[in-house]
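One structure is given below, encoded as structure tokens.
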Amino acid sequence: MPADRAAALRLCFFGDSFVCGYGDPDARGWVGRACAPHLAAGRDLTLYNLGIRGATIGDVALSWENEAVARLPLPGQGRVLFSFGANDAVQDVPPASSLDHAAAILKKAIPRAPVLVIGPAPLPDVPPADAPPAARCPALDSLCRTMAVPFLSIHSLLRQSDAWMNEALAGDGAHPGRAGYAALAALIRGWSAWHRWLA
């Protein structure tokens, strides 16, 4: 069977407003843009965008499992991706608490389906407030390494993206528009773990 005609997969995306694509006038966000080339190539993918605006890692910990059970009924057909962290910093959630919630999520998710984790995005409008999300990236990365889960740190990469930074500053100071989400989708499509996750 050709690679582009591989078995049907159900993809669950959990996280915050960056996952749900808030601010994108096309309502595609990075999730739709990252998956679009695979769909165009003939992959049978069902996308479940479960991003919640304002959600912290603790909020995701409370809701993700029931959402996943309802959407991934058969072993082997599902994939799970988590992207979070910015709201924890903005809402002053203690870093240790965030990490505990992340560890609890991964402990339950790993036996269920292949897992990816994407770190917090930058918050361009308030540089002092943006420092805490950046500071949390190494700890999330370390946790994922310990649990053998691929982790993509997007914070510094998006800080170097004119599309992301300019659109976010022109909008609400945090969320980009179509070009910014396209830049993030390109980073994700260039991540080798993404392609292994979809294999």
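Side chains included, hydrogens not; waters and symmetry mates left out as well; all remaining heavy atoms used. Keep in mind it's a predicted model, so treat the numbers as computed, not measured.
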### Task
Write down the atom of Pro176, the atom of Gly180, and the distance for their closest heavy-atom approach.
CB-CA, 3.7 Å
Side-chain donor-acceptor pairs under 3.5 Å in residues 138-145, sequence neighbours left out?
{"unit_1": "Asp141", "atom_1": "OD1", "unit_2": "Arg145", "atom_2": "NE", "d": "3.2"}

### Summary
Tracing side-chain contacts under 4.5 Å among Ile, Leu, Val, Met, Phe, Trp and Tyr outward from Val69 reaches none
### Query
Which heavy atom in Gly78 sits nearest to a heavy atom in Pro114, and how many Å separate them?
O-CD, 3.5 Å
### Query
Where is the tightest heavy-atom contact between Phe151 and Trp191, given as atom of each residue plus distance?
C-CZ2, 3.6 Å
### Message
Check for me, please, whether Trp197 and Met147 land in the same ILVMFWY cluster - side-chain distances under 4.5 Å, paths through other members count.
### Response
no
### Message
I'd like to know if the side chain of Asn49 reaches the main chain of Val19, judged simply by a donor and an acceptor atom lying under 3.5 Å from each other, with no hydrogens or angles considered.
### Response
yes
### Query
Pairs in or reaching into residues 68-81: which pass salt bridge (charged side-chain N to carboxylate O under 4.0 Å, His left out), with residues at least two apart or in two chains?
Glu67-Arg71
Tabulate below the donor-acceptor pairs under 3.5 Å that side-chain atoms of residues 181-190 make, not counting sequence neighbours, or state none.
{"unit_1": "Tyr181", "atom_1": "OH", "unit_2": "Tyr22", "atom_2": "N", "d": "3.4"}
{"unit_1": "Tyr181", "atom_1": "OH", "unit_2": "Tyr22", "atom_2": "O", "d": "2.6"}
{"unit_1": "Arg189", "atom_1": "NH1", "unit_2": "Arg33", "atom_2": "O", "d": "3.1"}

### Message
Suppose we screen for salt bridge (Lys or Arg N to Asp or Glu O under 4.0 Å). Which residues come up paired with Arg53, at least two apart in sequence or across chains?
### Response
none
### Query
What distance separates Cys12 SG from Leu81 CG, expressed to the nearest 0.5 Å?
10.0 Å
### Query
Got a sec, which pairs hit side-chain hydrogen bond (donor to acceptor under 3.5 Å, both in side chains) with one end in residues 163-173, sequence neighbours left out?
Asp172-His175
### Message
If hydrophobic clusters are built from ILVMFWY residues whose side chains come within less than 4.5 Å, do Val149 and Leu116 share one?
### Response
no
What pairs of donor and acceptor atoms, side-chain ones from residues 84-106 against any protein atom, are under 3.5 angstrom apart with sequence neighbours left out?
{"unit_1": "Asn87", "atom_1": "ND2", "unit_2": "Ala55", "atom_2": "O", "d": "2.9"}
{"unit_1": "Asp88", "atom_1": "OD1", "unit_2": "Ile57", "atom_2": "N", "d": "2.9"}
{"unit_1": "Asp88", "atom_1": "OD2", "unit_2": "Ser98", "atom_2": "OG", "d": "2.6"}
{"unit_1": "Gln91", "atom_1": "NE2", "unit_2": "Gly54", "atom_2": "O", "d": "3.1"}
{"unit_1": "Ser98", "atom_1": "OG", "unit_2": "Arg136", "atom_2": "NH1", "d": "3.1"}

### Message
Applying side chain to side chain donor-acceptor pair (under 3.5 Å), can you list everything that pairs with Thr56, at least two apart in sequence or on another chain?
### Response
Asp59
#### Entry: Minimum heavy-atom distance His155-Pro120, with the two atoms named
CB-O, 3.5 Å
#### Entry: Minimal non-hydrogen separation, Leu123 against Ala174, with atom names
CD2-CB, 3.9 Å
#### Entry: Connected-component partners of Ile52 among ILVMFWY, side-chain separation under 4.5 Å
none
### Heavy-atom pair with the smallest gap, counting every atom of Ala113 and Val80
CB-CG2, 4.0 Å
#### Entry: Value rounded to 0.5 Å, distance of SG in Cys35 from CG in Leu9
10.5 Å
### Message
Between Asp26 (side chain only) and Arg28 (backbone N and O only), is there a donor and an acceptor less than 3.5 Å apart?
### Response
no
### Summary
Output for pair (Leu158 CG, Gln160 CD), nearest 0.5 Å, gives 9.5 Å
### Task
Mind checking the CZ-CG spacing from Phe13 to Leu11? Nearest 0.5 Å is all I need.
4.5 Å
### Message
Can you tell me how far apart OG (Ser83) and CZ (Phe14) are? Round to the nearest 0.5 Å.
### Response
13.0 Å
### Task
Report yes if some heavy atom in the side chain of Ile118 is under 4.5 Å from a heavy atom in the side chain of Phe82; otherwise report no.
no
### Task
Report the residues that fulfil side chain to side chain contact (heavy atoms under 4.5 Å, CB included) with Arg196, sequence neighbours left out, ordered by chain and then residue number.
Ser192, Ala193
#### Entry: Single-linkage hydrophobic cluster Leu72~Val117, side-chain heavy atoms < 4.5 angstrom
yes
## Note on the structure
Applying side chain to side chain donor-acceptor pair (under 3.5 Å) to Trp194 and not counting sequence neighbours gives His38
